[in-house]
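To find a chain, count down the sequence lines: A is the first, B the second, and so on, and within it residues start at 1.
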Protein chains: 2
Amino acid sequence: MDHSSKTTLKTLSSKLGFSETTISRVLNGKAEKYRISKKTADIIIQSAKDLNFTPNILARGLRLKKTHTLGLVIPDISNPFFASIARSVEREARKFGYSIILCDTEENTNIEIKSVQLLRGRNMEGLVVAPVGQTASHLEDVYNAGLPIVIIDRCFPNKNLPYVTSDNYQGAYEAISYLIDNGHRRIACIQGLENTSPNNDRIRGYKDALLNNHIPYVKSIIVGDSFGELNGYTEAKILLKKKDRPTAIFAFSNLISLGALKAIEEENLSVPEDISIVAFDDQPYFDHLATPMSSVAQQHNEIGQIATKIIFKQIKSKTSSVAEGVLIPTKLIKRASVKRIQQSIYHEKELA
Amino acid sequence: MDHSSKTTLKTLSSKLGFSETTISRVLNGKAEKYRISKKTADIIIQSAKDLNFTPNILARGLRLKKTHTLGLVIPDISNPFFASIARSVEREARKFGYSIILCDTEENTNIEIKSVQLLRGRNMEGLVVAPVGQTASHLEDVYNAGLPIVIIDRCFPNKNLPYVTSDNYQGAYEAISYLIDNGHRRIACIQGLENTSPNNDRIRGYKDALLNNHIPYVKSIIVGDSFGELNGYTEAKILLKKKDRPTAIFAFSNLISLGALKAIEEENLSVPEDISIVAFDDQPYFDHLATPMSSVAQQHNEIGQIATKIIFKQIKSKTSSVAEGVLIPTKLIKRASVKRIQQSIYHEKELA
DNA sequence: TTGAAAGCGCTAACAT
DNA sequence: ATGTTAGCGCTTTCAA
């Protein structure tokens with residue numbers, strides 16, 4: 001039943017007769033160091049408890065220039081991919097006594113820029129950023145200004161910025177190889193936001209897999225422009241109505257795959273009989289879909305945890321040296337959504 | 001290419017020759033009010049921009065006792081239900097220039113208590129809390145101490161605490177009525193954490209629906225103890241092996257329903273032929289499951305948004321008066337997971 | 001073993 | 001139309 005006015009060092013000081021300094025020392029565990037008598041220390045500690053004293057973090061932060069807070073910037077926290085990552089970042093941070101300010105940028109670069117600025121003003125000790133898009137100078141500025149930062153989910157190859165991402169190239173390469181091994185040749189990609197590193201890397205993996213299997217690459221079969229569900233739906237609709245409908249779709253995100261499924265159902269087609277599908281990013285419910293969905297699983301926990309560790313490393317070293325990049329391996333999960341099909345009689349291997 | 005040392009009012013003051021006060025005034029849009037000459041104002045604004053000045057929020061917060069920050073306490077941000085809510089809370093807060101500190105309590109009351117304490121120390125202006133469990137005195141203390149707070153997802157009927165939750169009673173009542181209308185009489189509940197308001201209310205809805213349809217209530221058919229996926233799996237396993245296997249399952253959360261589906265598949269049974277199922281809380285992928293899942297949809301956005309509005313109302317009024325509670329209606333979504341079955345020949349209506 | 005004083009960066013009250 | 005002073009609550013010299 002404490003009064004609503006907060007207890008401060010001053011309160012305690014006038015109550016107990018000791019100086020604020022002494023009280024501060026005791027309450028920060030420095031009693032030993034300053035050889036404060038056990039008796040004094042005990043009194044102070046007890047009294048602090050009784051009066052429900054909690055230090056004002058603002059004041060401490062102002063004085064120490066330490067806020068014990070990290071900024072977390074995410075394009076969409078309701079996307080389970082980012083939610084999982086947020087969870088592991090928060091947990092890892094909490095382990096070290098740090099809190100998280102969460103900024104959702106709604107996939108909007110302007111909001112992202114504002115958020116980063118806001119977080120700087122709020123004296124964050126570090127930033128974990130899953131950037132929306134194609135631009136990164138505002139992030140580089142931050143890093144160069146000495147504020148610890150780590151990019152997740154994407155990276156900017158020509159910028160000096162630490163990052164943690166899945167090995168998108170490898171993941172895509174394996175997924176496409178798997179489809180090819182099952183006889184697919186007309187494999188469509190429904191991509192996400194163009195000119196972002198995950199998108200680029202996945203396309204590279206796609207192309208290389210085709211190349212290594214002597215399958216010609218047809219540009220028109222890569223479609224789409226966003227990682228959202230709607231994009232998956234719209235693009236799948238169009239793909240399915242094409243005369244030379246693809247035999248397989250590679251969806252660049254879990255949301256895209258959901259949208260594609262909706263389109264497939266609407267067209268009265270079914271997976272995998274009429275069309276096969278593989279999604280990037282596994283989800284817990286993929287096992288229970290009408291047709292269990294094959295996917296490229298990303299290690300959400302690892303991404304968040306390692307990113308946070310990198311932040312702490314920077315905080316400790318206080319040097320924004322040469323940025324390190326970490327690639328987290330993906331894992332191909334084979335489920336029923338991929339059908340083994342007859343190779344076309346025009347397949348060059350058979351012609352040869 | 002600014003230097004890494006931060007620009008402060010002092011910096012600007014010595015650079016421009018104006019006092020910190022004047023600069024502060026201009027930069028806070030109070031130039032008019034203090035009749036500061038346009039020329040001066042322009043110089044200051046320009047210079048602030050050039051030197052990339054951002055006010056130190058800690059200092060301002062310390063001075064004004066305003067942090068423009070809300071605490072958001074969530075049991076599991078990777079649960080899409082909470083992620084959606086977090087998103088709408090963040091967005092609503094941002095609209096009013098507020099930021100969010102996110103605390104994930106991992107469904108652990110101790111972490112929750114610590115988080116609330118932490119957030120108090122961090123001078124949050126308000127708390128949005130989705131409590132883990134059955135205890136609430138730490139939350140009531142906060143409210144009584146004058147800190148704005150709103151509970152979401154649950155409520156504590158005998159505590160004076162503002163809350164926003166779905167109308168769990170009504171949602172359950174409708175779901176069970178729907179099952180009954182389809183001929184089901186042995187309807188099992190896989191419940192979440194007991195003695196929490198959503199759980200209690202859903203059970204009340206369940207019982208009343210049975211009662212109004214003259215169906216005897218069998219206690220042993222309500223099982224389970226957590227809102228997680230594992231609980232759904234384990235309890236479904238047991239239910240399915242019973243001699244008088246229920247004809248329908250009412251899963252108290254989206255995660256529970258996922259776990260139940262897994263068990264059903266493992267037992268080589270299928271939905272809805274062998275067993276019908278309805279889940280509380282709709283998810284985007286429910287449409288695409290092996291059997292599209294009937295569900296009681298909750299309005300995630302509304303919950304988050306209204307909760308945040310209530311916080312702001314409290315912040316403005318500065319009185320922790322009598323707490324208001326808001327019930328958000330749910331919506332029953334009928335999909336293929338419910339089968340119309342023959343009524344037993346022993347049904348009392350037919351006997352009568 | 002303890003305290004006094006200064007200062008982190010900001011804004012509001014009180015001058016002029 | 002602008003400046004001086006004080007103080008938010010904390011920690012860290014420096015002093016005793």
Side-chain angles (χ1 to χ4, degrees), chain A residues 4-45 47-48 51-69 118 120-125, chain B residues 4-45 47-48 51-69 97 120-125:
Chain A
S4 82
S5 61
K6 275 208 67 176
T7 308
T8 68
L9 288 186
K10 203 179 187 177
T11 324
L12 288 171
S13 172
S14 59
K15 198 120 192 167
L16 300 178
F18 294 106
S19 73
E20 297 182 30
T21 312
T22 300
I23 295 170
S24 166
R25 281 170 179 153
V26 169
L27 264 20
N28 284 309
K30 295 179 182 165
E32 294 265 304
K33 187 175 164 191
Y34 288 96
R35 303 140 133 273
I36 291 164
S37 75
K38 178 105 174 48
K39 202 171 123 196
T40 307
D42 285 347
I43 293 173
I44 290 173
I45 289 171
S47 190
L51 295 179
N52 199 8
F53 172 81
T54 43
N56 183 325
I57 312 267
L58 292 179
R60 180 186 275 168
L62 181 59
R63 176 66 231 245
L64 261 28
K65 292 171 185 273
K66 286 223 144 218
T67 53
H68 279 241
T69 313
L118 178 96
R120 289 186 71 171
R122 279 176 172 271
N123 301 67
M124 298 296 99
E125 288 186 41
Chain B
S4 81
S5 61
K6 274 207 68 173
T7 308
T8 69
L9 288 184
K10 203 180 187 177
T11 325
L12 288 171
S13 172
S14 59
K15 198 120 191 166
L16 300 179
F18 295 106
S19 73
E20 296 182 32
T21 309
T22 301
I23 296 170
S24 166
R25 281 168 177 154
V26 169
L27 263 21
N28 283 309
K30 294 177 183 166
E32 295 264 304
K33 186 175 165 193
Y34 287 96
R35 303 139 131 274
I36 290 164
S37 74
K38 178 101 174 53
K39 203 171 122 196
T40 308
D42 285 347
I43 292 173
I44 291 174
I45 289 170
S47 190
L51 294 179
N52 200 7
F53 170 81
T54 43
N56 183 325
I57 313 268
L58 292 179
R60 180 185 277 168
L62 181 58
R63 177 67 232 242
L64 262 25
K65 293 170 183 275
K66 285 224 144 218
T67 53
H68 278 242
T69 313
R120 286 185 73 172
R122 281 176 171 270
N123 301 68
M124 299 293 100
E125 289 185 40

task = Send over the distance from A:Leu64 CG to D:dT13 C1', rounded to a whole Å.
result = 14 Å
ask   = Nearest to the side chain of A:Ala59, which nucleotide is it out of C:dC10, D:dG9, C:dT2?
value = D:dG9
inquiry  = For a quick test of reading the model: is some side-chain N or O of B:Thr22 closer than 4.0 Å to OP1 or OP2 of D:dG3?
reply    = yes
ask   = A:Leu9 or B:Ala41: which one's nearest nucleotide on DNA chain D is closer to the 5' end?
value = B:Ala41
message = Between P on C:dT11 and CG on B:Leu12, what's the gap in Å once rounded to a whole number?
response = 12 Å
task = Answer yes or no: does a side-chain N or O of A:Thr40 lie under 4.0 Å from OP1 or OP2 of C:dT2?
result = yes
Residue whose nearest DNA chain C nucleotide is more 5′ - B:Leu62 or A:Ile23 = A:Ile23
ask   = So what does A:Arg60 touch, heavy atoms closer than 4.0 Å: a base, only the sugar-phosphate, or nothing?
value = sugar-phosphate
ask   = Picking from D:dG9, D:dT2, D:dT12, which would you name as closest to the side chain of A:Lys30?
value = D:dT12
query = Does D:dT4 have OP1 or OP2 sitting under 4.0 Å from an N or O in the side chain of B:Thr21?
reply = no
ask   = Is the phosphate of D:dC8, meaning OP1 or OP2, less than 4.0 Å from a side-chain N or O of A:Asn56?
value = no
message = Quick check against the 3.5 Å criterion: does B:Glu125 have a side-chain atom that pairs as donor or acceptor with the backbone of B:Thr67?
response = yes
message = Rounded to whole Å, how long is the line connecting atom CZ of A:Arg25 with atom P of C:dT1?
response = 13 Å
ask   = Would you say C:dT11 has OP1 or OP2 under 4.0 Å from some side-chain N or O of B:Lys65?
value = no
key: Heavy-atom closest contact (A:Leu12 atom, A:Leu51 atom, distance)   = CD2-CD1, 3.7 Å
ask   = For the pair made of NE2 in B:His68 and P in C:dC10, what is the distance, rounded to whole Å?
value = 15 Å
task = Considering just the side-chain nitrogens and oxygens of A:Lys10, establish if one lies under 4.0 Å of OP1 or OP2 belonging to D:dG7.
result = no
Shortest non-hydrogen contact between B:Ile57 and A:Gly121, atoms and distance = CG1-O, 3.1 Å
key: Interatomic distance, B:Ile44 CD1 vs C:dT11 C1' [rounded to whole Å]   = 15 Å
query = Between B:Thr69 and A:Arg122, does any side-chain donor sit less than 3.5 Å from a side-chain acceptor?
reply = yes
ask   = Quick one: is A:Ser37 getting a side-chain N or O under 4.0 Å of the C:dT1 phosphate, OP1 or OP2?
value = no
query = Is it the case that A:Thr22 and A:Ser19 place a side-chain donor and acceptor less than 3.5 Å from each other?
reply = yes
query = CD of A:Glu20 versus P of D:dG7: gap in Å, rounded?
reply = 13 Å
message = Evaluate A:Ile36 against A:Val26 for side-chain contact (heavy atoms from CB on, under 4.5 Å), listing each step before the verdict.
response = CA-CA 8 Å; A:Ile36 291 164; A:Val26 169; 4.0 Å; yes
message = Tell me whether the side-chain N/O atoms of B:Ser19 come closer than 4.0 Å to OP1 or OP2 in D:dG3.
response = yes
request  = Would you mind reading off the distance between B:Asp42 atom CG and D:dT2 atom C1', rounded to a whole angstrom?
outcome  = 16 Å
message = Looking at A:Lys33, I'd like to know whether one of its side-chain N or O atoms comes within less than 4.0 Å of OP1 or OP2 on C:dT1.
response = no
inquiry  = Nearest to the B:Arg35 side chain among C:dG9, D:dC10, D:dA1, which nucleotide is it?
reply    = D:dA1
request  = Identify whether any heavy atom of A:Gly17 sits under 4.0 Å from a base atom; if not, whether one sits that close to sugar-phosphate; answer base, sugar-phosphate or nothing.
outcome  = sugar-phosphate
inquiry  = From NZ of B:Lys66 over to P of C:dG9, roughly how many Å is that when rounded to an integer?
reply    = 24 Å
